Amino acid sequence: MTDTRPAPRVGLFVTCLVDLYRPTVGFAAVKLLEDAGCTVEVPASQTCCGQPAFNAGDRATARDLARSTIAAFEGFDHVVVPSGSCAGQIRKHYPELLADDPAWAARARHLSARTHELVSFLTDVLGVTDTGAQYGGTVTYHDSCSGLRELGVKEQPRRLLAKVEGLTLNELPGAEVCCGFGGTFCVKYPDISNRMVEAKTADVKGTGADTLLAGDMGCLLNMAGKLKREGSAVRVRHVAEVLAGVTDTPPIGEPMKSGRA
């Protein structure tokens, strides 16, 4: 029987770090969503989700950015984010930020209910079990704090990675332990942050994996930078790149070729 239901209309919230440092993650997210049958749009008016301001205690700026995001993404069936931290900000914190604003409280709750982290959306909402990707190598996976603790993203990426042809997953000891990035934490407490990422990269290298994956660009940039400074050959990628088969660009921390993003 032919499925005549309209394709889900998805708004992609790209995130600041993807936009500025790793646009290929956005392209990979679009490919994954379109391959799963979605119609994808990227609202040009989107900006920061407000998480840095929120974490710094600047609630006024965080509320302004929340209102901007809500306005940009109204009308979509779903809003999908290739980041557990930004998705967590929208899902968990927008309703509380705007709870006392009669004009925006209901709109914040409505957006919250329709917002999903990318991989959990593919598996939990769309029922994707195999993205058809191939990746020759051994990977390990770091669970980013917000995606894990605020959104329950744990088994979803592992289920999809298990179906990637040629890929072997070696579990990371302490995969649930923070890498030390923590947004403004790494700026306020650099020595503690450095010790934390140092412990993380030691665990990564101990797995024998040639590639480190995660679902949050902040964590990935932090760990890639440390691995690079240590002279490690471990490659670092966003999980969406591997699941989408978009791995022709250099790993995170390596220079792009021919001016490509």
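All values derive from a computational prediction rather than experimental measurement. One-based numbering along the sequence shown.
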*Asks:* Determine, step by step, whether Val177 and Lys200 satisfy the side-chain contact (heavy atoms from CB on, under 4.5 Å) criterion, reporting the C-alpha distance in whole Å, the side-chain angles of both residues, the deciding distance to 0.1 Å, and the verdict.
*Replies:* CA-CA 8 Å; Val177 176; Lys200 178 65 67 173; 4.2 Å; yes

*Asks:* Can you check side-chain contact (heavy atoms from CB on, under 4.5 Å) on Met217 and Asp19, steps first, answer last?
*Replies:* CA-CA 10 Å; Met217 276 304 302; Asp19 184 40; over 6 Å; no

*Asks:* Compare every heavy atom of Gly75 with every heavy atom of Arg9, then report the nearest pair and how far apart it is.
*Replies:* NH1-O, 2.8 Å

*Asks:* Can you hop from Leu161 to Leu148 via hydrophobic side chains spaced under 4.5 Å?
*Replies:* no

*Asks:* When clusters are formed by joining ILVMFWY residues with side-chain heavy atoms under 4.5 Å apart, either directly or through shared neighbours, do Phe27 and Val128 land in the same one?
*Replies:* no

*Asks:* Among all residues two or more places apart in sequence or in another chain, which pass the side-chain hydrogen bond (donor to acceptor under 3.5 Å, both in side chains) test with Thr69?
*Replies:* Tyr94

*Asks:* Measure the spacing between CZ of Arg91 and OG of Ser146 and express it to the nearest 0.5 Å.
*Replies:*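 It comes to 13.5 Å.
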
*Asks:* Would you call Arg107 and Asp101 a salt bridge, using N to O less than 4.0 angstrom?
*Replies:* no

*Asks:* Between Arg195 (side chain only) and Asp191 (backbone N and O only), is there a donor and an acceptor less than 3.5 Å apart?
*Replies:* no

*Asks:* Using side-chain contact (heavy atoms from CB on, under 4.5 Å), reason through Thr201 and Ser232 one step at a time and then give a plain yes or no.
*Replies:* CA-CA 9 Å; Thr201 56; Ser232 172; over 6 Å; no

*Asks:* Answer yes or no: is there a donor N or O on one side and an acceptor on the other, between the side chain of Gln89 and the main chain of Ala87, under 3.5 Å?
*Replies:*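 Absent.
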
*Asks:* Could you pull out the closest heavy-atom pair between Ala66 and Leu98, with the gap in Å?
*Replies:* CB-CD1, 4.1 Å

*Asks:* To the nearest 0.5 angstrom, please state how far the NZ atom of Lys205 sits from the CG atom of Leu212.
*Replies:* 12.0 Å

*Asks:* Would you say Phe76 and Pro43 make side-chain contact, with heavy atoms under 4.5 Å?
*Replies:* yes

*Asks:* How many angstroms lie between atom CZ of Phe181 and atom SG of Cys145, to the nearest 0.5 angstrom?
*Replies:* 11.0 Å

*Asks:* Counting heavy atoms not belonging to Tyr21, are there more than 12 under 6.0 Å from its OH?
*Replies:*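 12 or below, so no.
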
*Asks:* Flag the pair Arg235 and Glu254 as a salt bridge only when some basic side-chain nitrogen lies within less than 4.0 angstrom of an acidic carboxylate oxygen.
*Replies:* no

*Asks:* Short question: side chain of Ser112, backbone of Ala108 - any donor-acceptor pair under 3.5 Å?
*Replies:* no

*Asks:* Does a side-chain heavy-atom distance below 4.5 Å link Phe121 with Leu126?
*Replies:* yes

*Asks:* Applying side-chain contact (heavy atoms from CB on, under 4.5 Å) between Cys38 and each of Leu33, Leu32, Val80, Val30, report the one that passes.
*Replies:* Leu33

*Asks:* Counting C-beta onward and ignoring hydrogens, is there a side-chain heavy-atom pair between Met223 and Ile252 closer than 4.5 Å?
*Replies:*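 SC-SC contact between Met223 and Ile252 ruled out.
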
*Asks:* Under a 4.5 Å cut-off applied to non-hydrogen side-chain atoms, are Leu220 and His142 in contact?
*Replies:* no

*Asks:* Is there a side-chain contact between Leu17 and Arg22 in this structure, where contact means two heavy atoms from C-beta onward sitting under 4.5 Å apart?
*Replies:*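 Not in contact.
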
*Asks:* Are the side chains of Glu176 and Arg149 in contact, using a 4.5 Å heavy-atom criterion?
*Replies:* yes

*Asks:* Quick check for you: to the nearest 0.5 Å, what is the distance between Thr140 atom OG1 and Asp210 atom CG?
*Replies:* 10.5 Å

*Asks:* Could Arg67 and Asp64 be called an ion pair, given the rule that one side-chain N must be under 4.0 Å from one carboxylate O?
*Replies:*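 Salt bridge between Arg67 and Asp64, a charged N being under 4.0 Å from a carboxylate O: yes.
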
*Asks:* CZ/Phe13 to CD1/Ile90 distance, rounded to the nearest 0.5 angstrom?
*Replies:*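 Result: 5.0 Å between the selected atoms.
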
*Asks:* For residues Ala7 and Thr39, report the shortest heavy-atom separation together with the two atoms involved.
*Replies:*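 Residues Ala7 and Thr39, closest heavy atoms: CB-OG1, 3.7 Å.
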
*Asks:* Say you draw a straight line from CD of Glu171 to OH of Tyr141; how long is it, rounded to the nearest 0.5 Å?
*Replies:* 10.5 Å

*Asks:* Give the intermediate values and the outcome of salt bridge (Lys or Arg N to Asp or Glu O under 4.0 Å) for residues Arg159 and Asp124.
*Replies:* CA-CA 11 Å; Arg159 290 202 299 269; Asp124 300 339; 3.5 Å; yes

*Asks:* Below 4.5 Å, heavy atoms only, C-beta onward: do Lys228 and Val236 meet side chain to side chain?
*Replies:* no

*Asks:* Ignoring hydrogens and angles, tell me if any N or O in the side chain of His238 forms a donor-acceptor pair with the backbone of Pro82 under 3.5 Å.
*Replies:* yes

*Asks:* Go through the steps to decide whether Val14 and Val42 satisfy the test side-chain contact (heavy atoms from CB on, under 4.5 Å), and finish with yes or no.
*Replies:* CA-CA 8 Å; Val14 175; Val42 184; 3.6 Å; yes

*Asks:* Among the clusters formed by ILVMFWY side chains lying less than 4.5 Å apart, do Val234 and Leu169 turn up in the same one?
*Replies:* yes

*Asks:* Quick check: closest heavy atoms across Leu213 and Thr211, and the distance to 0.1 Å?
*Replies:*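 Leu213 and Thr211 have their closest heavy atoms at CD2-CG2, 3.8 Å.
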
*Asks:* Determine the minimum heavy-atom distance between Cys86 and Ser83, stating which atoms define it.
*Replies:*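 Heavy-atom minimum between the residues: N-OG, 3.1 Å.
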
*Asks:* Within the distance-only criterion (no hydrogens, no angle test), does the side chain of Asp58 pair as donor or acceptor with the backbone N or O of Thr61 below 3.5 angstrom?
*Replies:*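 Yes; judged by distance alone, with no hydrogens or angles, the pair exists.
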
*Asks:* Give the cluster check for Leu97 versus Leu65: same hydrophobic cluster or not, with ILVMFWY residues linked at side-chain heavy-atom distances below 4.5 Å.
*Replies:*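 Different clusters.
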
*Asks:* For Glu74 and His110: C-alpha separation, side-chain torsions, deciding distance, then whether side chain to side chain donor-acceptor pair (under 3.5 Å) applies.
*Replies:* CA-CA 9 Å; Glu74 284 181 317; His110 185 53; over 6 Å; no

*Asks:* Checking Asn222 side chain against Cys179 main chain: does a donor-acceptor pair fall under 3.5 Å?
*Replies:*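 The answer is yes, because a donor-acceptor pair under 3.5 Å joins these two groups.
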
*Asks:* Is the closest side-chain heavy-atom distance between Leu243 and Leu118 below 4.5 Å?
*Replies:*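 In short, these two side chains do not touch, never coming nearer than 4.5 Å.
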
*Asks:* If you group Ile, Leu, Val, Met, Phe, Trp and Tyr by side-chain heavy-atom gaps below 4.5 Å, do Leu122 and Leu167 land in one group?
*Replies:*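 Yes.
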
*Asks:* Compare every heavy atom of Thr207 with every heavy atom of Asn170, then report the nearest pair and how far apart it is.
*Replies:*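 Distance-wise, the nearest heavy atoms are ND2-O, 3.0 Å.
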
*Asks:* Taking only residues two or more places apart in sequence, or in another chain, which ones meet Ser120 in a side-chain hydrogen bond (donor to acceptor under 3.5 Å, both in side chains)?
*Replies:*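 side-chain hydrogen bond (donor to acceptor under 3.5 Å, both in side chains) list for Ser120, sorted by chain: Glu117.
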
